[in-house]
Amino acid sequence: MNPPFTDRHARTEAERCLQCYDPPCSVSCPAHIDIPGFIAMVRTGNLIGAAEVVKSANALANVCGKVCPEEVFCQPVCTRGKQDTPIAIRELHFHATQHEARRGYSTPRPFPGNGHSVAVIGGGPAGLACAFELAKMGHRIDLYERKLPGGVPRNSIPSFRLSEEEVRADLDFLSRYVDFQHEDVDAQRFARIRKSHDVLFVAVGLTVDRPLPIPGTELPGVIPVLSFLESAKAGLRVPSPGNRILIVGGGNVSLDAAATAKRMGCREVVLIYRRGEKEMRVWANELGEARSQGVQMQFLTSPVEIIGRRRVEALRCRRTRLSDKLDSTGRPFPVEIEGSEFTLEADLVIPAIGQVPSGDFLDLFARTPEGYLKVDESFSTSLPGVFAGGDLVGGEGTIVQSVGQGKMAALGIHRYLREGAGA
Ligand code: SF4
């Protein structure tokens with residue numbers, strides 16, 4: 001990660017922006033931030049104005065300014081990149097929002113109420129973005145979250161990538177517009193919340209780790225990746241340095257776990273992935289960072305059994321090859337090679353093969369074949385007056401994609417209420 005900008009460096013970088021008339025950077029941003037608009041303010045030294053432009057489009061402005069994968073959305077399409085190098089959009093965004101967070105927010109102007117009440121269940125990026133957008137439209141918002149609000153950014157993105165202060169900078173701002181209720185919502189509570197609000201927006205995310213479908217996962221020393229990351233972030237249950245840790249999975253979450261384990265001082269950290277490097281769903285800079293920290297990669301390898309008497313001692317694996325057939329994600333199926341078994345010693349095994357939705361009230365909803373909540377184009381679910389968004393409807397995505405979905409769902413909810421709550 002590059003060092004943060006100074007004010008002078010930020011102005012110089014902002015000067016390079018071409019102020020495109022139909023800016024591809026804003027179009028490709030899932031939150032549709034007015035990027036040339038805020039960069040123009042950085043250029044004139046108006047950092048508070050720049051932060052306000054960003055925040056008016058993205059409720060998680062500080063979080064996204066720090067961890068948004070700019071190499072995927074705004075920067076690769078930046079017109080300036082055709083001349084020399086793309087504008088450092090994320091860094092300018094973060095410079096402005098952090099400046100504002102340090103200076104303190106201006107006195108909030110309350111949005112005029114319109115008499116409608118909306119309950120948002122889930123305090124992650126989609127829920128927070130939807131809540132803020134609806135609050136701007138004049139709806140009263142109650143947001144229910146069993147932990148502290150913030151979702152994945154607060155609970156499982158490692159502190160070395162995103163600090164608690166950076167998350168809090170956004171939540172302090174949002175708490176002026178949204179009523180946070182610290183509450184676990186079960187089926188009974190869900191029914192009561194539904195009666196007491198005009199509309200519900202459900203965005204509880206994917207909260208349970210998908211179990212590895214192999215024998216031995218019940219052994220002590222097998223820690224699901226979310227528990228590992230959450231415990232590490234909270235400073236709990238840290239494996240002793242010197243351990244050999246095997247992480248099974250090929251996504252950004254597995255890289256976060258690997259980098260976290262390395263920073264804890266674990267001697268050997270090996271990532272086991274059943275496909276090749278090209279098929280990994282990771283950001284290139286995170287992969288490079290993990291490698292530079294000494295994380296080893298074992299590609300084309302599938303776990304077969306976790307071995308141990310009283311706790312984990314080893315992982316039996318099989319080599320794989322990639323078949324010509326593609327799965328629903330467009331990647332080739334891995335095929336295990338008979339007779340290719342081998343064993344890797346392990347003190348901890350961390351399965352990181354994805355997460356699934358969990359919550360008894362979710363049984364009420366129609367689901368997609370993959371198990372996510374089924375929604376229409378306005379994010380309306382199979383239950384009248386209940387909308388849903390975020391990872392719960394589309395599977396694991398980026399924070400800014402969840403923000404974008406929360407905003408779009410807010411428009412669907414606003415339209416639904418304006419048209420007479422489905423009457
Ligand atoms: Fe500026 Fe690049 Fe966006 Fe054009 S595409 S407005 S140059 S940041």
Side-chain angles (χ1 to χ4, degrees), residues 1-103 125-126 129 132-133 136 153 157 161-162 166 169-170 173 252 282-289 397-408 410-411:
M1 191 164 283
N2 297 326
F5 275 168
T6 59
D7 286 353
R8 208 170 112 215
H9 189 181
R11 278 172 89 146
T12 309
E13 181 65 8
E15 291 285 351
R16 296 175 57 239
C17 172
L18 302 171
Q19 293 289 304
C20 305
Y21 174 67
D22 193 8
C25 52
S26 296
V27 173
S28 75
C29 169
H32 298 304
I33 296 172
D34 174 5
I35 292 171
F38 91 74
I39 291 181
M41 292 189 173
V42 174
R43 193 183 272 193
T44 59
N46 180 3
L47 292 176
I48 298 283
E52 282 175 2
V53 170
V54 173
K55 277 174 19 197
S56 67
N58 187 340
L60 290 183
N62 285 282
V63 168
C64 289
K66 187 72 183 291
V67 296
C68 199
E70 74 273 7
E71 75 267 27
V72 178
F73 298 114
C74 55
Q75 279 179 211
V77 297
C78 173
T79 318
R80 182 77 205 207
K82 292 181 186 153
Q83 293 182 12
D84 39 44
T85 52
I87 304 295
I89 299 168
R90 185 184 57 73
E91 279 96 337
L92 289 175
H93 161 157
F94 190 60
H95 182 69
T97 54
Q98 282 287 286
H99 173 87
E100 194 209 29
R102 279 194 302 273
R103 287 274 300 267
F132 182 50
E133 212 59 22
K136 286 193 282 184
I157 293 188
R161 287 187 56 214
L162 180 67
E166 286 153 356
D170 288 332
F173 169 71
N252 284 306
V282 294
W283 315 128
N285 61 350
E286 278 194 42
L287 184 61
E289 234 175 84
T398 59
I399 294 168
V400 72
Q401 283 169 321
S402 289
V403 167
Q405 273 200 12
K407 287 179 69 176
M408 284 197 285
L411 285 177

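Whatever order the structure lists ligands and atoms in, that order sets their numbers, starting from 1. Nothing here was measured: the structure is a model prediction, and the numbers come from that model.
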Self-check item: Steps toward side-chain contact (heavy atoms from CB on, under 4.5 Å) verdict (F94, V54)
Solution: CA-CA 10 Å; F94 190 60; V54 173; over 6 Å; no

Quiz item: Of all heavy-atom pairs between N252 and V282, which one has the smallest distance, and what is that distance?
Solution: OD1-CA, 3.2 Å

Practice problem: Mind listing the protein N/O/S atoms less than 2.8 Å away from atom 3 (Fe) of ligand 1? Waters don't count. | Solution: C25 SG

Exercise. Please lay out, stage by stage, how D84 and R80 fare under the test salt bridge (charged side-chain N to carboxylate O under 4.0 Å, His left out).
Key: CA-CA 6 Å; D84 39 44; R80 182 77 205 207; 2.7 Å; yes

Exercise. Please step through side-chain contact (heavy atoms from CB on, under 4.5 Å) for the pair R90 and V67, ending with a clear verdict.
Key: CA-CA 9 Å; R90 185 184 57 73; V67 296; over 6 Å; no

Quiz item: Would you call E52 and K55 a salt bridge, using N to O less than 4.0 angstrom?
Solution: no

Quiz prompt | 4.5 Å side-chain heavy-atom contact, L47 and R103 | solution = no

